[in-house]
Amino acid sequence: QVQLVESGGGLVQVGGSLRLSCAASGSIISINNMGWYRQAPGKQRDMVATITSGGNTNYADSVKGRFTISRDNAKNTVYLQMDSLKPEDTAVYLCNANVKSSRTIVALNYWGQGTQVTVSS
């Protein structure tokens with residue numbers, strides 16, 4: 001039905017930058033909130049940043065001022081620009097989207113497969 005595909009993860013040194021992308025595809029009618037979450041080994045999945053269809057954003061305190069979330073509604077894509085990266089940012093980053101598709105009555109939450117971000121010190 002709906003697939004989310006992330007890209008842009010990798011290995012970066014402390015203070016470096018990465019840009020993550022997540023493209024949604026399938027039988028999409030509309031996308032409500034989109035967001036990025038992360039999960040480090042042995043830890044719970046935490047919200048990093050979210051963005052509404054109108055562009056309102058919300059960030060975890062730990063990334064405010066360093067990360068920027070944006071989206072291109074025409075491309076059904078959400079981005080996460082990550083600057084001033086720290087070792088504690090190391091995690092699998094997962095994309096989430098609340099999507100109304102042509103095959104469901106209500107909007108459902110979908111998750112991408114995740115992309116690894118590793119920040120080396």
Side-chain angles (χ1 to χ4, degrees):
Q1 299 185 23
V2 175
Q3 299 82 38
L4 302 182
V5 178
E6 300 112 332
S7 61
L11 175 65
V12 64
Q13 292 186 334
V14 170
S17 298
L18 283 175
R19 188 188 193 216
L20 306 183
S21 299
C22 172
S25 62
S27 305
I28 297 170
I29 294 177
S30 62
I31 303 178
N32 301 316
N33 287 6
M34 303 185 81
W36 290 95
Y37 293 72
R38 66 187 180 187
Q39 189 165 18
K43 295 188 177 181
Q44 67 180 19
R45 185 175 297 181
D46 292 326
M47 186 274 291
V48 176
T50 62
I51 184 168
T52 68
S53 57
N56 292 321
T57 59
N58 184 42
Y59 295 93
D61 288 342
S62 60
V63 307
K64 283 181 180 177
R66 300 189 297 122
F67 291 11
T68 303
I69 189 171
S70 61
R71 64 190 284 177
D72 185 332
N73 291 330
K75 296 182 179 179
N76 291 333
T77 299
V78 62
Y79 307 95
L80 186 67
Q81 177 66 40
M82 305 186 293
D83 299 318
S84 302
L85 283 161
K86 304 175 181 180
E88 50 264 44
D89 295 318
T90 295
V92 174
Y93 283 70
L94 302 107
C95 173
N96 174 269
N98 185 258
V99 180
K100 176 67 179 74
S101 78
S102 60
R103 300 191 179 191
T104 60
I105 297 175
V106 297
L108 299 177
N109 274 330
Y110 295 88
W111 290 92
Q113 81 287 352
T115 185
Q116 178 69 45
V117 171
T118 302
V119 184
S120 65
S121 56

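The basis for the numbers below is simple: all heavy atoms, side chains too, and nothing from hydrogens, waters or symmetry mates. Starting from 1, each residue takes its place in the sequence as its number.
At distances below 3.5 Å, not a single donor-acceptor pair connects side-chain atoms of Thr57 with backbone N or O atoms of Ile51. Between the side chain of Asn96 and the main chain of Tyr110, a donor-acceptor pair closer than 3.5 Å is present. For the pair Arg71 (side chain) and Gly35 (backbone), a donor-acceptor distance under 3.5 Å is absent. Judged by distance alone, with hydrogens and angles left aside, the side-chain atoms of Glu6 form a donor-acceptor pair with the main-chain N or O of Gln113 at under 3.5 Å. For the pair Tyr59 (side chain) and Ile69 (backbone), a donor-acceptor distance under 3.5 Å is present.
The nearest pair of heavy atoms linking Ala49 to Leu80 is CB-CD1, 4.3 Å. Here the closest non-hydrogen pair linking Ser84 and Ser17 is N-OG, 4.4 Å. Nearest heavy-atom pair, Val78 versus Ser70, reported as atom, atom and distance to 0.1 Å: CG2-O, 3.2 Å. Pro87 approaches Ser121 most closely through the heavy-atom pair CG-CB, 4.1 Å. Of all the heavy atoms in Cys22 and Leu4, the pair that sits closest is SG-CB, 3.9 Å. Nearest heavy atom pair, residue Ser120 against residue Leu11, reads CB-CD1, 4.2 Å.
Contacts of Tyr37 classified as ring-ring contact (aromatic ring centres under 6.0 Å, His included), with partners at least two apart in sequence or in another chain: Trp111.
Residues Gln13 and Leu85 fail the side-chain proximity criterion, which asks for heavy atoms closer than 4.5 Å. With contacts defined as side-chain heavy-atom distances shorter than 4.5 Å, the pair Arg38/Val117 does not qualify. When side chains are defined from C-beta on, Asn73 does not count as touching Ile31, because their heavy atoms never get closer than 4.5 Å.
Of the options Tyr79, Phe67, Trp36, a side chain to side chain contact (heavy atoms under 4.5 Å, CB included) to Leu20 is made by Trp36 and by none of the others.
Put simply, OG on Ser25 and CD on Gln1 are 12.0 Å apart, with the number rounded to the nearest 0.5 Å. Interatomic distance, Arg19 CZ to Asp83 CG, rounded to the nearest 0.5 Å: 11.0 Å. For the atom pair Asn32 CG and Leu108 CG, the distance stands at 11.0 Å (nearest 0.5 Å). Distance OG1/Thr77 to CG/Asp72: 6.0 Å, rounded to 0.5 Å. In this structure, Met34 CE and Asn98 CG are separated by 10.0 Å, a value rounded to the nearest 0.5 Å. Rounded to the nearest 0.5 Å, atoms NZ (Lys100) and CD1 (Ile105) are 8.0 Å apart.
Ionic pairing of Asp89 and Lys86 is not present here: no N-O contact between side-chain nitrogen and carboxylate oxygen is shorter than 4.0 angstrom.
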Side chain to side chain contact (heavy atoms under 4.5 Å, CB included) between Met82 and Val48: does it pass, once the steps are laid out?
-> CA-CA 11 Å; Met82 305 186 293; Val48 176; over 6 Å; no
